[in-house]
S.K.: 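If you scroll down you'll find the structure; I have some questions about it.
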Amino acid sequence: MSQQQDEMSFWDHLEELRWTLFRSILALVILAIGFFAFMRGDDGIFHNIILAPTRGDFVTYRLFCSVASSFSFLTEFCDTAFNIEIINIKLATQFFMHMTTSFWLAVVLACPYLMFEVWRFVRPALYENEKKNVQWVFVFGTGMFFIGCAVGYYVVFPMTLRFLATHQLSVEINEQVSLDSYMDNFLMMIFIMGVVFEMPLLSWLLSKLGLLHRGFFNRYRRHAVVALLIVAALITPSGDPFTLSLVFIPLYALYELSAFFVRPAPREEADDRVFDVAGVYPNR
């Protein structure tokens, strides 16, 4: 323990926790108010960002259209007339959706600051070598969460939305999507992808606890490839190999990155030392 930690009493810790929570909540409230103020209108966040995947000019669709000459099955993304009609069937839904969306966007944007507040609170209780590791964990975890959210927004959600919205059982059925249904899927897929991208960090923590070794990833790599292909197929049910690979490749990269961060099993560590000395691995 550091000297500062030894000098702090229980009530000092409680007071520090109170101020940490106060600053965190204040940051969330300020950001939520800001998002609430700029959410409405044709030039607002909801129309230009959240509802952007419902229109044919969304950046992902335009990107796929630009490479349609090489992949004939991507020509459907060149349909600029594509549009999903979002309807509201409950009187108060739009107002409450305005508030809840502002709050969740504030949580995402405030994530780095919230991690900083957590780091500042636990930092005095750590040894110097622990501070370096934990600081790296907070930075890496925050960055991976944002990357996951970006993949969810630009790839996973648009592909899933476009397939499900255009899948038709009969021409007599007029496709209309409720606001509740759209937002539930929008938030769920983006936040799930943000959490999924924390897999390397979770693997590292389990490795530190001695619960996970690199041999696990080596042993089950084939099974993981099959499982990840199934997950990618479920996320992007369109079935074409291009969109399937857009989801599968990041997921598999996360698997390999997780394997890189975990410790080798004890035998693997001993074999590595022998390899360093002799230049060859012993018989296993």
S.K.: Rounded to the nearest 0.5 Å, what separates atom CZ in Phe116 from atom OG in Ser24?
M.R.: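 It comes to 10.5 Å.
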S.K.: What is the distance from atom CH2 of Trp204 to atom CZ of Arg263, rounded to the nearest 0.5 Å?
M.R.: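 Those atoms lie 9.0 Å apart.
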S.K.: Should we say atom CD of Gln94 is surrounded by more than 12 heavy atoms from elsewhere, each under 6.0 Å from it?
M.R.: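 Atom CD in Gln94 is not packed in, count stays at 12 or less.
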S.K.: I'd like to check Leu21 versus Arg18 (side-chain heavy atoms, cut-off strictly below 4.5 Å). Are they in contact?
M.R.: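 Leu21 does not reach Arg18 side chain to side chain.
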S.K.: Would you confirm whether Ser170, through its side chain, and Ile173, through its main-chain N or O, come within 3.5 Å as a donor-acceptor pair?
M.R.: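 Answer holds: no.
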S.K.: Indicate yes or no: at least one non-hydrogen side-chain atom of Val231 is less than 4.5 angstrom from one of Leu251.
M.R.: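 Yes, at least one pair of side-chain atoms sits under 4.5 Å.
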S.K.: How far apart are the C-alpha atoms of Glu85 and Val177, what are their side-chain angles, what is the distance that settles it, and do they pass the side-chain contact (heavy atoms from CB on, under 4.5 Å) test?
M.R.: CA-CA 6 Å; Glu85 183 179 358; Val177 181; over 6 Å; no
S.K.: State, with a plain yes or no, whether a side-chain heavy atom of Phe140 is found less than 4.5 Å away from one of Phe261.
M.R.: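 Yes, side chains in contact.
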S.K.: Between atom CD1 of Ile192 and atom CZ of Phe157, what is the distance when rounded to the nearest 0.5 Å?
M.R.: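 Atom-to-atom, Ile192:CD1 and Phe157:CZ are 12.5 Å apart.
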S.K.: How many angstroms lie between atom CZ of Phe46 and atom CG of Leu105, to the nearest 0.5 angstrom?
M.R.: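 Those atoms lie 9.5 Å apart.
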S.K.: So, the side chain of Ser258 versus the backbone of Leu254: is there a donor-acceptor pair under 3.5 Å, distance only?
M.R.: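 Here the side-chain-to-backbone pair exists.
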S.K.: Would you say the ring centroid of Phe95 lies under 6.0 angstrom from that of His98?
M.R.: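 Phe95 vs His98: aromatic centres not under 6.0 Å.
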S.K.: Between Ile49 and Leu31, is there shared hydrophobic-cluster membership here, with clusters defined by ILVMFWY side-chain heavy atoms closer than 4.5 Å?
M.R.: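 Same cluster.
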S.K.: Please confirm whether Arg162 makes a cation-pi placement over Tyr61, using NZ or CZ under 6.0 Å from the six-membered ring centre and within 45° of the ring normal.
M.R.: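 Yes, cation above the ring, under 6.0 Å and within 45°.
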S.K.: Determine the minimum heavy-atom distance between Val262 and Ala259, stating which atoms define it.
M.R.: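 Answer, listing the atom of Val262 first, then Ala259: CG2-O, 3.3 Å.
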S.K.: Between Phe82 and Thr54, what is the shortest heavy-atom contact and its length?
M.R.: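 For Phe82 and Thr54, the tightest heavy-atom pair comes out as CE2-O, 3.8 Å.
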S.K.: Find out whether Met144 and Leu257 are in side-chain contact, i.e. whether some heavy atom of one side chain is under 4.5 Å from a heavy atom of the other.
M.R.: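 When only atoms from C-beta onward are counted, Leu257 and Met144 do touch, with a gap below 4.5 Å.
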S.K.: May I ask whether Val29 and Met39 are part of the same hydrophobic cluster, defined by side-chain heavy atoms of I, L, V, M, F, W, Y residues being less than 4.5 angstrom apart, directly or through others?
M.R.: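 Cluster IDs for Val29 and Met39 differ.
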S.K.: For Arg55, does the CZ atom have more than 12 heavy-atom neighbours from other residues, nucleotides or ligands under 6.0 Å away?
M.R.: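 Atom CZ in Arg55 is crowded, with more than 12 foreign heavy atoms closer than 6.0 Å.
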S.K.: Check the orientation of Trp19 and Phe22. Use parallel for under 30°, tilted for 30 to 60°, and perpendicular for over 60°.
M.R.: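 Taking Phe22 first and then Trp19, their aromatic rings stand perpendicular (interplane angle over 60°).
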S.K.: Any side-chain heavy-atom pair from Phe197 and Pro250 closer than 4.5 angstrom?
M.R.: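 SC-SC contact between Phe197 and Pro250 confirmed.
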S.K.: Is there a side-chain contact between Leu202 and Met199 (heavy atoms, below 4.5 Å)?
M.R.: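 A side-chain contact under 4.5 Å is absent here.
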S.K.: Can you confirm if the aromatic rings of Tyr220 and Tyr255 lie within a centre distance of less than 6.0 Å?
M.R.: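 No.
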S.K.: How far does CG of Leu28 sit from CZ of Phe35, to the nearest 0.5 angstrom?
M.R.: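 That separation rounds to 11.0 Å.
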S.K.: With ring pair (Phe, Tyr, Trp, His ring centres under 6.0 Å) as the test, pick out the partner of Phe191 among Phe146, Trp104, Tyr153.
M.R.: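 Answer after filtering Phe146, Trp104, Tyr153: Trp104.
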S.K.: Give me the atom names and distance for the closest heavy-atom approach of Met189 to Thr160.
M.R.: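 Taking every non-hydrogen atom into account, CE-CG2, 3.3 Å.
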S.K.: Pick from Leu51, Ile87, Leu187, Ile84: which one makes a side-chain contact (heavy atoms from CB on, under 4.5 Å) with Tyr182?
M.R.: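 Among Leu51, Ile87, Leu187, Ile84, the one that satisfies the side-chain contact (heavy atoms from CB on, under 4.5 Å) with Tyr182 is Leu51.
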S.K.: Please check if the number of heavy atoms outside Arg222 that lie under 6.0 Å from its CZ is greater than 12.
M.R.: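 No, CZ of Arg222 has 12 or fewer neighbouring heavy atoms, counting only those of other groups under 6.0 Å.
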S.K.: According to a 4.5 Å side-chain heavy-atom criterion applied to Ile, Leu, Val, Met, Phe, Trp and Tyr, with indirect links allowed, do Ile86 and Phe186 form part of one hydrophobic cluster?
M.R.: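 Looking at the clustering, Phe186 is in the same group as Ile86.
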S.K.: Indicate, with yes or no, if Ile190 and Leu109 share a hydrophobic cluster defined by side-chain heavy-atom contacts under 4.5 Å among Ile, Leu, Val, Met, Phe, Trp and Tyr.
M.R.: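 In one cluster: yes.
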S.K.: Got a second to check how far Ile89's CD1 is from Ser178's OG, nearest 0.5 Å?
M.R.: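 Taking CD1 in Ile89 and OG in Ser178, the distance rounds to 6.0 Å.
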S.K.: Using side-chain contact (heavy atoms from CB on, under 4.5 Å), reason through Met159 and Val156 one step at a time and then give a plain yes or no.
M.R.: CA-CA 5 Å; Met159 296 298 97; Val156 176; over 6 Å; no
S.K.: Taking the side chain as everything from C-beta on, heavy atoms only, tell me whether Met97 gets closer than 4.5 Å to Met183.
M.R.: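 In short, these two side chains touch, coming nearer than 4.5 Å.
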S.K.: Assess the residue pair Met115 and Val139 against the criterion (side-chain contact (heavy atoms from CB on, under 4.5 Å)); give the C-alpha distance rounded to whole Å, side-chain angles, the decisive distance to 0.1 Å, and a yes or no.
M.R.: CA-CA 8 Å; Met115 291 296 100; Val139 174; over 6 Å; no
S.K.: Does Glu117 form a side-chain contact (heavy atoms from CB on, under 4.5 Å) with Tyr113? I'd like the steps, not just the answer.
M.R.: CA-CA 6 Å; Glu117 285 293 343; Tyr113 178 75; 2.6 Å; yes
S.K.: Checking the side chain of Asn48 only, and the main-chain atoms of Asp42 only, is there a donor and an acceptor separated by less than 3.5 Å?
M.R.: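 Checking the backbone N and O of Asp42 against the side chain of Asn48, a donor-acceptor pair under 3.5 Å is found.
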S.K.: One thing to verify: whether Arg23 and Glu16 come together as a salt bridge, which I'm taking to mean a side-chain N less than 4.0 angstrom from a carboxylate O.
M.R.: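 Looking at Glu16 and Arg23, the cut-off is met.
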S.K.: Within a strict 4.5 Å, meaning less than it, do heavy atoms of the Leu212 and Phe217 side chains meet?
M.R.: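 A side-chain contact under 4.5 Å exists here.
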S.K.: For the hydrophobic clusters of this structure (ILVMFWY residues joined by side-chain heavy atoms under 4.5 Å, transitively), does one cluster hold both Tyr154 and Val195?
M.R.: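 The answer is no; the residues belong to distinct hydrophobic clusters.
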S.K.: Taking all non-hydrogen atoms of both residues into account, name the closest pair between Ala106 and Ala32 and its distance.
M.R.: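 Scanning both residues completely, I find the closest heavy atoms to be CB-N, 3.5 Å.
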S.K.: Which atom pair, heavy atoms only, marks the closest approach of Asp43 to Arg40?
M.R.: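 That would be OD1-O, 4.3 Å.
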